[in-house]
Each structure stands twice: as structure tokens, then as C-alpha cells.
Amino acid sequence: MHPMLNTAVRAARRAASVIQRASNNLDLITPEKKGHNDFVSEVDRAAEQAIIETILEAYPTHAIIAEESGARGNSEYVWIIDPLDGTTNFLHGFPQYAVSIALEHRGVITQAVVYDPNRNDLFTATRGVGAFLNDRRIRVSKVRDLSDALVGTGFPYTKFDNLDAYMAIFRDMAQKAAGVRRPGAAALDLAYVACGRFDGFFEFDLKLVDIAAGTLLVQEAGGLVTDFAGEEKYLESGDVLCGTPRVFGQMLQMIKQYNIK
């Protein structure tokens with residue numbers, strides 16, 4: 001394992017320990033509202049601090065972009081951190097959430113960790129080396145046709161500018177795919193595409209911290225990732241479409257008809 005990836009794994013496990021201890025006492029947590037349907041708790045902040053401390057102990061000159069504390073430092077190495085992707089799920093005791101950590105080097109995501117503490121699923125990737133689940137090499141599924149595909153998605157929950165277009169795409173996708181699911185944690189949704197649990201995924205307006213690690217997992221597992229125009233601007237726009245090569249192509253053709261801006 002690459003030394004920087006190993007650090008990310010240690011940081012993710014430390015954060016997961018914080019999260020899982022708190023999951024046993026959810027009634028003691030007082031969430032705050034950052035915006036409409038957008039929550040944060042002391043657990044998010046404590047998990048994020050555990051990650052940052054672990055990373056900076058190993059690499060004190062590296063920069064950080066974190067979900068709760070924002071950006072700090074100036075370096076060609078930038079750690080992109082979501083300490084608890086799926087906070088709303090967590091606060092309701094719904095066991096679908098994860099820690100997501102990525103490393104960007106000179107503008108390129110090079111390392112990725114997505115850790116699901118409920119299932120002890122550790123997804124990792126190093127650019128050019130491949131993607132892994134608990135040390136087992138993973139690949140996207142062999143599904144070729146959208147009609148046979150299980151597709152993940154996420155409903156808009158803070159910005160509703162594209163809600164009508166999203167619902168039209170959802171209706172179209174529901175009729176053409178084998179099934180559509182909305183578990184509520186984008187980092188895990190992307191990891192599920194990487195390991196073949198989903199055959200495709202699409203969502204609007206995601207944050208960089210939600211998708212930086214997961215999109216590298218998909219790419220290193222042999223999947224394709226773009227925005228809704230078929231371009232590689234998803235980290236900037238937050239509009240993500242990915243899947244197996246054949247399923248991805250069919251999803252892109254469908255979504256392009258809606259001219260999402």
C-alpha cells in the first residue's frame with residue numbers, strides 16, 4: 001500500500017471509531033442545521049479533527065479541504081475530507097454512511113479511501129494501481145445493458161433548481177433500468193459502482209468532498225466517470241454520472257436529452 005494511502009486508511013479508521021461510539025447514543029447528539037436539509041453534528045466535527053490530526057502528524061506541510069472546517073494550508077498535496085458522508089442517515093440510525101478521504105496531487109486525485117464502518121468495508125484506490133475492497137481487487141460489473149442495470153442516485157436535497165429535470169430523468173431511468181436506488185451517501189454509492197453492487201450512478205450538485213475519493217475508485221475499477229455533458233468537469237460542477245462502460249454510455253445518451261446546465 002502506498003504510504004500516503006496507508007495514512008488515509010489510519011485516519012479513516014480513527015474517524016470511524018469516533019462515529020461508531022457516538023452511534024450508540026444518538027439521543028445525546030444535538031445536530032445543527034447548516035442549510036435546508038443539510039445537517040452537522042459534534043460527531044462530524046470530532047471525526048474530522050481525528051482525520052486531520054492523523055494526516056498532519058504524517059504530512060505537516062500538506063493542505064486540507066474538509067467538509068466542516070474548510071480549507072487550510074498551501075501545498076501541491078491537498079487532502080479532501082468528508083468525515084461523515086450520510087450525516088442525515090447517521091442521525092436517524094440508518095446504517096448507510098461512510099468516511100471519505102482523497103489526496104489530490106497537482107490537481108489530480110491520486111489516492112482514495114471510502115470506509116463503511118457498519119460493514120467494515122474498506123474501499124481503497126491508488127491511481128494507476130487499481131481499486132480494492134478489503135485488500136481484494138475490485139472491478140465494475142459486467143452488465144452491458146441499462147435494462148439489466150441497478151442504478152444508484154441521490155435526490156436533490158439542498159438546491160432545487162434542477163428538480164424538475166431530475167424528476168424527468170428519474171422517471172425515464174426507472175422505466176428503462178432494472179431498478180433505481182437512493183441510499184443517501186454518495187461516497188458509498190460510487191464505491192458500490194466500483195465493486196459491482198451498482199452498475200451506474202448519477203446525481204446533481206454534489207460537493208467535492210462527497211465525490212473526490214469515490215470517483216477515483218470507479219475509474220480504477222474500470223468504470224467511466226463524467227459530468228452530464230460527458231466532460232471531465234464533475235469535480236467542479238458536482239454533477240456526476242458513472243458506470244460500467246456500456247451502461248454509462250446508455251445513461252449518458254439518455255441524460256443528454258435533458259440539456260442539464
Side-chain angles (χ1 to χ4, degrees), residues 1-12 15 48 51-85 98-115 122-132 138 140 154 159 185-191 193-194 201-243 245 248 252 255 260-261:
M1 184 179 289
H2 190 285
M4 292 183 183
L5 183 63
N6 189 51
T7 296
V9 169
R10 286 192 288 108
E48 182 173 289
I51 294 169
I52 292 172
E53 287 177 357
T54 303
I55 289 171
L56 294 183
E57 283 170 5
Y59 303 105
T61 64
H62 286 192
I64 301 284
I65 296 174
E67 167 78 359
E68 307 308 334
S69 58
R72 67 172 78 178
N74 183 18
S75 170
E76 64 183 31
Y77 290 97
V78 182
W79 294 88
I80 303 169
I81 300 164
D82 191 341
L84 179 50
D85 184 48
V99 180
S100 176
I101 303 172
L103 175 63
E104 180 184 84
H105 182 222
R106 295 180 178 176
V108 177
I109 305 297
T110 59
Q111 311 290 339
V113 171
V114 173
Y115 181 51
L122 178 67
F123 297 89
T124 60
T126 296
R127 183 168 295 278
V129 175
F132 298 82
I138 54 175
V140 295
K159 292 175 62 179
L188 275 180
D189 294 337
L190 291 163
V193 174
F201 171 79
F202 70 100
E203 188 168 352
F204 294 84
D205 295 324
L206 288 162
K207 300 173 184 175
L208 174 65
V209 295
D210 298 328
I211 60 177
T215 50
L216 180 62
L217 288 171
V218 174
Q219 291 171 327
E220 288 298 314
L224 299 178
V225 186
T226 68
D227 59 19
F228 293 158
E231 299 178 357
E232 296 183 358
K233 297 179 181 179
Y234 50 89
L235 293 178
E236 292 81 18
S237 69
D239 297 338
V240 177
L241 171 65
C242 67
F248 165 85
L252 179 60
I255 289 175
I260 304 300
K261 302 297 185 185

**Message:** With a 4.5 Å cut-off on side-chain heavy atoms, are Ile52 and Arg72 touching?
**Reply:** yes
**Interatomic distance, Tyr234 atom OH to Leu208 atom CG [nearest 0.5 angstrom]** = 11.0 Å
**Request:** Of all the heavy-atom pairs spanning Leu217 and Ala125, show the shortest one and how long it is.
**Result:** CD2-CB, 3.6 Å
**Asked** Between Ala194 and Ala221, what is the shortest heavy-atom contact and its length?
**Response** O-CB, 3.3 Å
**Item:** Glu231 side chain vs Thr226 backbone, donor-acceptor pair below 3.5 Å
**Value:** no
**Request:** Indicate the atoms forming the closest heavy-atom contact of Val193 with Gly243, along with that distance.
**Result:** CG1-CA, 4.0 Å
**Message:** Has Asp85 got a side-chain atom pairing as donor or acceptor with Ala187's backbone, closer than 3.5 angstrom?
**Reply:** yes
**Message:** Any heavy-atom pair between the side chains of Met4 and His105 that's under 4.5 Å?
**Reply:** no
**For Ala229 against Leu252, the heavy-atom pair lying closest together** = C-CD1, 4.3 Å
**Aromatic ring pairing Phe228/Phe204, orientation class (parallel under 30°, perpendicular over 60°, tilted between)** = perpendicular
**Prompt:** Heavy-atom count around Glu232 CD within 6.0 Å, excluding the residue itself: above 12?
**Reply:** no
**Fill in**
Distance col, row Phe202:CZ vs Leu241:CG, nearest 0.5 angstrom, shows 8.5 Å
**Message:** I need the minimum non-hydrogen distance between Ser75 and Thr61, along with the two atoms involved.
**Reply:** CB-O, 3.4 Å
**Request:** List the atom of Gly154, the atom of Phe201, and the distance in Å for their closest heavy-atom pair.
**Result:** N-CE1, 4.4 Å
**Request:** Look up atom CH2 in Trp79 and atom OG1 in Thr7, then write down how far apart they are to the nearest 0.5 Å.
**Result:** 5.5 Å
**Message:** Check whether Asp239 reaches the backbone of Asp205 with its side chain - one donor and one acceptor, N or O, closer than 3.5 Å.
**Reply:** yes
**Prompt:** For residues Gln111 and Thr126, is any side-chain donor paired with an opposing acceptor at under 3.5 Å?
**Reply:** yes
**Message:** Rounded to the nearest 0.5 Å, what separates atom OG1 in Thr124 from atom CD1 in Ile101?
**Reply:** 12.0 Å
**Request:** Calculate, to the nearest 0.5 Å, the distance between atoms CD1 and CD1 belonging to Ile64 and Ile55 respectively.
**Result:** 4.5 Å
**Request:** Indicate yes or no for a side-chain donor-acceptor contact from Glu67 to the backbone of Val209 under 3.5 Å, with no hydrogens or angles considered.
**Result:** no
**Request:** May I ask you to decide if Leu216's main-chain N or O and Arg127's side chain share a donor-acceptor pair within less than 3.5 Å?
**Result:** no
**Item:** Spacing of OH belonging to Tyr77 relative to CZ belonging to Arg106, to within rounding of 0.5 Å
**Value:** 7.0 Å
**Request:** Have a look at Ile109 and tell me which of Ile80, Ile211, Thr215 forms a side-chain contact (heavy atoms from CB on, under 4.5 Å) with it.
**Result:** Ile80
**Request:** Flag the pair Val240 / Leu190 as yes when at least one side-chain heavy-atom distance between them is below 4.5 Å, and no otherwise.
**Result:** yes
**Asked** Under 4.5 Å between any side-chain heavy atoms of Val113 and Val99, yes or no?
**Response** no
